[in-house]
> 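Dropping the structure in here first, questions after.
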Amino acid sequence: MLQEFPVWLRVEHFINILFITLFIRSGIEILGTFPKLHTSVHTPIGKQWAHFGIKKKREAKYYPVAGEYEDYSPMVSLPGHGDLGQGRYWHFISVIGWVTMMVIYWVLLFGTGQWRRYWPSDWGVFAQAWDDIVHYLAFQIPPAMDGYAFNAVQQLSYGAVIFVLPVWMIVTGALQAPAVANYFPKLSKALGGRQVIRSAHFWGLVAYLVFIVIHVVMVVLHGYGHEVSKMVFGHAENPVAGGVIFTTGLLLIVFVHIWATKTSLKKPQVIERLHNTVVRPLTRFMRKHMPSRQYAYKDAEITPWGQHRASGMPPAYDPYKALVANGYEDDYVLEIGGLVERPMRFTLKDLRELAPDHSQNTVHHCVQGFSSVGQWNGVPLRDILELVKPLEGAAEVVVHSFQNMTRDDDVYEGSYYYESMPMVEAMQPQTLIATGYAGDEIPIQNGAPMRLRLETSTGFRSAKWLDRIEVVSRFDIIGNGKGGFFEDTSSYDRLQML
């Protein structure tokens, strides 16, 4: 039985080639937007252990993290040209497809007894694997084990790739999702924090690439037609036909990659719709059932004041600069209105008096990949909403920023920055209107005098430099109708739980 290749196994093998190559290329795209690997959750500047970029560092004293993007070629990454939003779309689409197929594969392996083909029957297999390696180094093809379709080193490598590496990638991938990491903060911290987990995920990528290269070389050495015939017909008796059919299938996969790349770059809305169909059910579930509950980091473990990583340029807006010059206290007013019973205006003093002792230590999960741990002083947004009393039909909360992206940030084009959130997110305990950092005012680059902290999501939704808050019945009539600045102008999903 272990010398046979059932139809379902052959089909799974081929489909997994597609999903794995898609998530490798899209993963490289994601890596390229913050091409640095750290071991510290604080991602201190210049302290990375690996850097995969050649872009010259800006000379300015302060520059946004977006300035660290690398423009990888579409020949390598999906879709290429630093399009992080589309890269994330493809990564989540392919990962969901791959995980689904892996679960089916595991069930069938254990249900049919085929798992034994990948699991050592005794410790002697390891000694045999070493002997097989010696054969390969001597340019000799080692024989298959008795009762198996392959030799010992193949069994061990296939077993690792089928049973160990997928679990490694699923766990390290899931714990980079803000909703997952912030729902299980102790687990994330126990594993070393976001950056150690991100580095571990990278090593999983390297393992897949190394396996693919060696696997292809071994298929050629063992006889291409002979080996791929097994994956087409279940036996090695038709090497020519098997080679032709399998090669045609590989060309079809290449065509899918070409289509995916060109469509992402020229018609991104097509991939957005595909993403929303495949991924949105998961993110809706996470939004409803996985609120942030971060209490894992102590005060001594927060990123020091002024060193919390930031993205985006502060507003070059005369009224905002006047607020900075006057120290905010006397001039700054936050308005909240819209579909509420009692529109209100709050000074910084008013907000501090609402929750004088409230603070939360939380990890900032930037969509690019960097992180920091902040101690945010402020008022839970739900406390403010309870004061203004949203009316019947109020379903969304929109926050508006002083920041105008065209004027303030040479990396982007567009109008004033805004974000929106469903009422269920706005009412979660750790959704915060932050008025201070570590007992001090918020640093300007981090959003002074006031910012949103939306801990269930990636960092760009936690809008900085707040101007006003608006309660509305629907978000799709604001801006370009997609729920926020980056949602309107780039390929970013409004439900950034992953």
Side-chain angles (χ1 to χ4, degrees), residues 11-35 52 69-102 104-105 165-166 169-170 173-174 176-177 201-202 204-206 208-209 211-213 215-216 231 245-283 367-369 458 482 486-498:
V11 172
E12 283 265 5
H13 178 270
F14 186 79
I15 295 176
N16 273 331
I17 294 175
L18 173 62
F19 285 135
I20 288 173
T21 52
L22 285 172
F23 79 59
I24 285 175
R25 288 186 63 222
S26 57
I28 293 172
E29 182 72 50
I30 293 170
L31 176 65
T33 51
F34 186 64
F52 305 98
Y69 268 42
E70 288 294 337
D71 188 3
Y72 291 164
S73 168
M75 296 292 291
V76 177
S77 61
L78 175 63
H81 299 313
D83 193 339
L84 175 59
Q86 286 285 313
R88 285 169 59 86
Y89 280 170
W90 274 114
H91 202 61
F92 302 144
I93 291 167
S94 58
V95 165
I96 286 177
W98 171 71
V99 170
T100 301
M101 296 305 294
M102 284 305 305
I104 295 172
Y105 192 47
L165 194 51
M169 296 301 279
I170 290 169
Q176 290 182 75
H201 199 64
F202 166 78
L205 169 64
V206 171
Y208 268 113
L209 290 173
F211 172 80
I212 289 171
V213 170
H215 186 53
V216 170
M231 289 296 100
I245 294 172
F246 195 81
T247 301
T248 301
L250 292 180
L251 291 175
L252 177 61
I253 290 176
V254 171
F255 173 80
V256 171
H257 277 270
I258 294 172
W259 173 85
T261 302
K262 289 187 174 181
T263 304
S264 283
L265 295 174
K266 296 181 179 180
K267 297 180 180 180
Q269 66 278 5
V270 173
I271 310 305
E272 179 183 4
R273 288 195 294 268
L274 177 61
H275 168 273
N276 291 347
T277 300
V278 176
V279 182
R280 273 282 181 90
L282 174 61
T283 52
V367 70
Q368 290 174 240
T458 49
K482 293 186 177 181
F486 281 115
E487 294 90 331
D488 285 347
T489 60
S490 302
S491 295
Y492 287 101
D493 183 32
R494 182 171 181 251
L495 305 180
Q496 287 282 327
M497 308 294 151
L498 296 171

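Just so you know, these numbers come straight off a predicted model, no measurement behind them.
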> Among I24, I17, L22, find the one that has a side-chain contact (heavy atoms from CB on, under 4.5 Å) with I20.
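That would be I24; it is the only one of I24, I17, L22 passing the side-chain contact (heavy atoms from CB on, under 4.5 Å) with I20.
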> Between L209 and V213, is a side chain to side chain contact (heavy atoms under 4.5 Å, CB included) present by the stated rule, with each step listed?
CA-CA 6 Å; L209 290 173; V213 170; 5.6 Å; no
> Which of these passes side-chain contact (heavy atoms from CB on, under 4.5 Å) with F92: L282, T283, L498?
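Exactly one pass, corresponding to L498.
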> When rounded to the nearest 0.5 angstrom, what is the spacing between CD1 in I96 and NE2 in H275?
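With rounding to 0.5 Å, CD1 (I96) is 7.5 Å from NE2 (H275).
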> Apply the side-chain contact (heavy atoms from CB on, under 4.5 Å) test between L78 and each candidate in T261, D83, I28; give the one that qualifies.
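With L78 as partner, T261, D83, I28 yield a single side-chain contact (heavy atoms from CB on, under 4.5 Å), made by T261.
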> Taking only residues two or more places apart in sequence or in another chain, which ones pass side chain to side chain contact (heavy atoms under 4.5 Å, CB included) with V367?
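Only L84, R88, T458, F460, Y492, Q496 meet the side chain to side chain contact (heavy atoms under 4.5 Å, CB included) criterion with V367.
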> Which atom names give the shortest non-hydrogen contact between P79 and G87, and what distance separates them?
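Smallest heavy-atom distance, with atoms named: CD-N, 3.6 Å.
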> Within the structure provided, determine whether V278 and Y89 are in side-chain contact (heavy-atom separation under 4.5 Å).
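With C-beta onward as the side chain, the pair stays apart.
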> Can you list the residues that meet the side chain to side chain contact (heavy atoms under 4.5 Å, CB included) rule with T263, with sequence neighbours excluded?
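In terms of side chain to side chain contact (heavy atoms under 4.5 Å, CB included), with neighbours along the sequence ignored, T263 is linked to W259, K267, V270, I271.
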> Taking only residues two or more places apart in sequence or in another chain, which ones pass side-chain hydrogen bond (donor to acceptor under 3.5 Å, both in side chains) with N16?
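Once residues adjacent in sequence are excluded, N16 has no partner under the side-chain hydrogen bond (donor to acceptor under 3.5 Å, both in side chains) criterion.
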> Run the side-chain hydrogen bond (donor to acceptor under 3.5 Å, both in side chains) test against D493 and tell me which residues pass, sequence neighbours left out.
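Counting only residues at least two positions away or on another chain, D493 forms a side-chain hydrogen bond (donor to acceptor under 3.5 Å, both in side chains) with R280.
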> Quick check: do W90 and I30 have side-chain heavy atoms less than 4.5 Å from each other?
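No - every pair of side-chain heavy atoms lies 4.5 Å or more apart.
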> Not counting sequence neighbours, which residues clear side-chain hydrogen bond (donor to acceptor under 3.5 Å, both in side chains) with H257? List them please.
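H257 satisfies side-chain hydrogen bond (donor to acceptor under 3.5 Å, both in side chains) with T21, R25 only.
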> State, to 0.1 Å, how close E487 and K482 come at their nearest heavy-atom pair, and which atoms those are.
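Result for this residue pair: O-CD, 3.2 Å.
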> So how far is it from L274 CG to Q269 CD, rounded to the nearest 0.5 Å?
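Reported value, rounded in 0.5 Å steps: 12.5 Å.
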> Has E70 got a side-chain atom pairing as donor or acceptor with G32's backbone, closer than 3.5 angstrom?
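No, because the side chain of E70 does not come within donor-acceptor range (under 3.5 Å) of the backbone of G32.
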> What residues, two or more places apart in sequence or in another chain, satisfy side chain to side chain contact (heavy atoms under 4.5 Å, CB included) together with K266?
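Side chain to side chain contact (heavy atoms under 4.5 Å, CB included) list for K266, sorted by chain: empty.
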> Could you tell me which residues satisfy ring pair (Phe, Tyr, Trp, His ring centres under 6.0 Å) with Y208, sequence neighbours excluded, listed by chain and number?
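Listed in chain order: F23.
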> Shortest non-hydrogen contact from P35 to Y72?
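Nearest pair, atom of P35 first, then Y72: CB-OH, 3.8 Å.
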> Run the ring pair (Phe, Tyr, Trp, His ring centres under 6.0 Å) test against F14 and tell me which residues pass, sequence neighbours left out.
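Residues passing ring pair (Phe, Tyr, Trp, His ring centres under 6.0 Å) with F14: none at all.
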> Can you name the side-chain hydrogen bond (donor to acceptor under 3.5 Å, both in side chains) partners of E29, sequence neighbours left out?
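S77.
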> Applying ring pair (Phe, Tyr, Trp, His ring centres under 6.0 Å), name anything that partners H13, two or more places apart in sequence or on another chain.
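Ring pair (Phe, Tyr, Trp, His ring centres under 6.0 Å) list for H13, sorted by chain: empty.
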> Once side chain to side chain contact (heavy atoms under 4.5 Å, CB included) is applied, do any residues pair with H201, and if so which ones, sequence neighbours excluded?
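For H201 the side chain to side chain contact (heavy atoms under 4.5 Å, CB included) partners, ignoring immediate neighbours, are H91, M169, T172, Q176.
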> What's the shortest heavy-atom distance between P74 and L265, and which atoms?
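What the structure gives for the nearest pair is CG-CD1, 4.3 Å.
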> State the CG-OG1 distance between D71 and T33, to the nearest 0.5 angstrom.
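Answer rounded to 0.5 Å: 11.5 Å.
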> Go through the structure and list residues passing salt bridge (charged side-chain N to carboxylate O under 4.0 Å, His left out) with E12, not counting sequence neighbours.
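Once residues adjacent in sequence are excluded, E12 has no partner under the salt bridge (charged side-chain N to carboxylate O under 4.0 Å, His left out) criterion.
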> Is there a side chain to side chain contact (heavy atoms under 4.5 Å, CB included) between I104 and T100 once you walk through the steps?
CA-CA 6 Å; I104 295 172; T100 301; 4.2 Å; yes
> Has Q86 got a side-chain atom pairing as donor or acceptor with P268's backbone, closer than 3.5 angstrom?
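Confirmed, Q86 side chain pairs with P268 backbone.
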